[in-house]
Amino acid sequence: MEDSPSTTKPHLLLIPFPFQGHIIPSAHLALKLAAAGFSVTFVNTEAVHHQIALANDEYLARFSGADGGHRDIFAGARSSGLDIRYELVGDGLPVTFDRSLNHDEFAVQLLHSFHGKVEALAGRLPPISGLVADTFFVWPATLARSLGIPYITFWTEPALVFSLYYHMDLLRHHGHFGSQAENRKDTITYLPGVAAIEPTDLMSYLQDSDTTTVVHRIIFKAFEEAHQADFILANTVAELETETIAAVHREKPFYAVGPIFPAGFTRSAVATSLWAESDCSQLLDSRPRGSVLYISFGSYAHVEKKVLEEIAHGVMASGASFVWVLRPDIVGSNDPEPLPAWFKKETAGRGIVVQWCRQAEVLSHPAVGGFLTHCGWNSILESVWSGVPMLCFPLLTDQFTNRRLVVGDWKVAVDLGGGSGRMAVRREDVAEKIGRLMRGEEGVMAREEVKKVRSILQGALAGGGSSSRNFDRFVEDLKCRVSSRRPV
Ligand code: UDX
């Protein structure tokens, strides 16, 4: 590439897991690390870059290369003085392959082929001093060891979820996970730093009876690698998960540096969206304070059509104004019309359905008073930061465990129900719970509590706050570690 990394600064290779909810915090971590004096090479897959370029065409066109070809999502950041470059690697599949529809084939590539591409890239780059890679990758500790550099594992979910995966062997040993017969159903009370947790609050993959899937193999291998990481950098906040973090920290240096957001929160200096963002301001500007329900199920999970239909009935019956995000592949990329035909007609003038939006901007609009969410960790952090209480409808992976934090521990959300593998939801419940969140006593209480948690997040990021201090300490510890060795 035309700008090579500085030879005086330590050079970090930073690789996000190629999913939207991982790319967003990783890109902003990259900016933070560059601002802290590292030279950073950020790596996206060609397929992710292709999708970002399609979704953000106008934005990226401003940063076209001389040949108009290689468009660089960090060009703007670099022109503002940050030492950060952008590289692409293949993930083993053609760029236009439908990864959403063929998830398992994609996962097989991530399990078996991706590391070879990264290794080849690492060989072509100027000397690397440290590898920052998403915890879900199955190769970083091995690669870092072969390069003679530290592995910094980047964790984009709560410490509680990290700890549960990290101690999978204990869950297995006690029969709460991976039993030949049925898993135990009683409360789990033996995990370090986790006083008690119900099996129904475990991540979906730890509730599954079939533990031989490709995703399970990825998780098992990824956490073998995480056990060998040198540092854990996590998008969470010390005050929110004190005991869990302390217990992990006793085993390995754990730095809670969240919430990792773009500077200014609502707009990013880097294009990261995989889908084109619709502007929702016309509807929001016309609505009274706190009256609009924002609905989104994140970037990854699919929702069955009949479930969406129940929710649609509930939203209609609730009478609430709404902004509803439905990705083009929410049911499956072969089903572009996920909602029943009557919905738009019956709710005309009350709400809008869009494929994707600038979520942080929507959440921070004063008209938004509640968030019906799948409980993705980024969505939770953004909602709390915006002071918006939630209605929880977890679908997959960590979302059940995240629900336990927001409903059970922090009391900033109402639960809509749903458990691992059961997306069952009834229209009457949807309507009633929306009413409770938007107009009821429970909503009032959750709104009060969310202000308290928001001030914890704000305090953590302020100068001298826990996340600022942890980030500075991490930078110091890493620089100290890399200055004691020669980069490869
Ligand atoms: C999954 C996991 O559940 C989550 O915990 C993990 O951290 C990432 O992968 P995902 O479905 O991606 O989650 O949801 P979430 O973590 O909430 O991330 C979605 C991101 O997309 C958020 O940053 C959100 O602001 C953004 N988004 C979503 C938009 O910008 N526009 C939209 O319309 C919807």
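In this text the structure is predicted, and so the values were computed from the model without any measurement. All ligand and atom numbering here is 1-based and tracks the order in the structure.
Under a 4.0 Å heavy-atom criterion, N235 is not in contact with ligand 1. Under the 4.0 angstrom criterion for non-hydrogen atoms, W356 is in contact with ligand 1. Proximity of Y294 to ligand 1 is established by a heavy-atom distance of less than 4.0 Å.
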Practice task
Assess whether side-chain contact (heavy atoms from CB on, under 4.5 Å) is satisfied between L457 and L240, documenting all intermediate values.
Solution key: CA-CA 9 Å; L457 299 195; L240 294 179; 3.7 Å; yes
Exercise for the section: Report the C-alpha distance between E449 and K411 in whole Å, list the side-chain angles of each, state the deciding distance to 0.1 Å, and finish with yes or no for salt bridge (charged side-chain N to carboxylate O under 4.0 Å, His left out). Expected result: CA-CA 6 Å; E449 293 305 312; K411 313 208 181 321; over 6 Å; no
Practice task
In sequence, state the C-alpha distance, the side-chain angles, and the governing distance for Y255 and F471, and then conclude on ring pair (Phe, Tyr, Trp, His ring centres under 6.0 Å).
Solution key: CA-CA 7 Å; Y255 305 82; F471 187 74; 9.4 Å; no
Practice task
For the pair D415 and K433, evaluate salt bridge (charged side-chain N to carboxylate O under 4.0 Å, His left out) and give the outcome as yes or no after the intermediate values.
Solution key: CA-CA 8 Å; D415 186 20; K433 298 261 172 92; over 6 Å; no
Handout entry: Test ring pair (Phe, Tyr, Trp, His ring centres under 6.0 Å) applied to Y205 and F220, step by step
Key = CA-CA 11 Å; Y205 302 120; F220 299 154; over 10 Å; no
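Residue-to-ligand polar distances place D398 within reach of ligand 1: an N/O pair is separated by less than 3.5 Å. The shortest N or O to N or O distance between Q355 and ligand 1 is not under 3.5 Å. The N/O atoms of R358, backbone and side chain alike, include none that comes under 3.5 Å of an N/O atom in ligand 1. When only interatomic distances are considered, the shortest N/O to N/O separation between Q399 and ligand 1 falls below 3.5 Å. In terms of N/O distances under 3.5 Å, ligand 1 is not approached by Q20. Residue C357 has at least one nitrogen or oxygen atom sitting less than 3.5 Å from a nitrogen or oxygen atom of ligand 1, judged on distance alone.
In this structure, atom 17 (O) of ligand 1 lies nearest to the protein heavy atom S379 OG, 2.5 Å. When hydrogens are left out, the protein atom nearest atom 9 (O) of ligand 1 is H22 NE2, 3.6 Å; that is the closest non-hydrogen contact. Remark: minimum distance from atom 20 (C) of ligand 1 to any protein heavy atom is reached at I24 CD1, 3.7 Å. The protein heavy-atom contact nearest to atom 6 (C) of ligand 1 is E157 OE2, 3.5 Å. The closest protein non-hydrogen atom to atom 7 (O) of ligand 1 is T156 O, 3.2 Å.
Distances from atom 10 (P) of ligand 1 to the heavy atoms of S299, P158, G376, S296 put S299 nearest. Atom 16 (O) of ligand 1 has its nearest heavy-atom neighbour, among L395, L396, N378, T272, in N378.
The distance from ligand 1 to the heavy atoms of W377 drops below 4.0 Å at these ligand atoms: 4 (C), 5 (O), 7 (O), 16 (O). Close contacts between ligand 1 and G21 involve ligand atoms 8 (C), 12 (O), 18 (O) [criterion: under 4.0 Å to a heavy atom]. In summary, the atoms of ligand 1 found under 4.0 Å from a heavy atom of Y300, numbered by their order in the structure, are 11 (O). Listed by number with element, the atoms of ligand 1 under 4.0 angstrom from any heavy atom of N402 are 5 (O). When each atom of ligand 1 is checked for a heavy atom of G298 under 4.0 Å away, the hits are 11 (O).
A donor and an acceptor atom, one from each side chain of Y300 and H22, are nowhere located under 3.5 Å apart. Side-chain polar atoms of N402 and D398 form a donor-acceptor pair below 3.5 angstrom.
If you look at F114 and F17, their ring centroids are not closer than 6.0 Å. Less than 6.0 angstrom separates the ring centroid of F474 from the ring centroid of F231.
Only the side chain of E382 comes within contact range of ligand 1, with a heavy atom under 4.0 Å; no backbone atom does. Of all the heavy atoms of V354, none lies under 4.0 Å from any atom of ligand 1, so neither backbone nor side chain is involved. At a heavy-atom distance under 4.0 Å, only side-chain atoms of V325, from C-beta outward, approach ligand 1. Contact annotation: for H374 versus ligand 1, heavy atoms closer than 4.0 Å belong to the side chain alone. Under 4.0 Å from ligand 1, heavy atoms of Q359 appear from its side chain as well as its backbone.
Judged as a ring-ring contact (aromatic ring centres under 6.0 Å, His included), and not counting sequence neighbours, the contacts of W155 are F136, F162, F223. For K221, the side-chain hydrogen bond (donor to acceptor under 3.5 Å, both in side chains) partners at least two apart in sequence or on another chain are E225.
Residues P18 and T45 come closest through the heavy atom pair CB-CG2, 3.8 Å.
Partner of F322 under the ring-ring contact (aromatic ring centres under 6.0 Å, His included) criterion, out of Y294, F343, F371: F343 alone.
Relative orientation of the Y166 and H227 rings is parallel, given thresholds of 30° and 60° on the angle between their planes.
Around atom CD of Q458, more than 12 heavy atoms belonging to other residues, nucleotides or ligands sit under 6.0 Å away.
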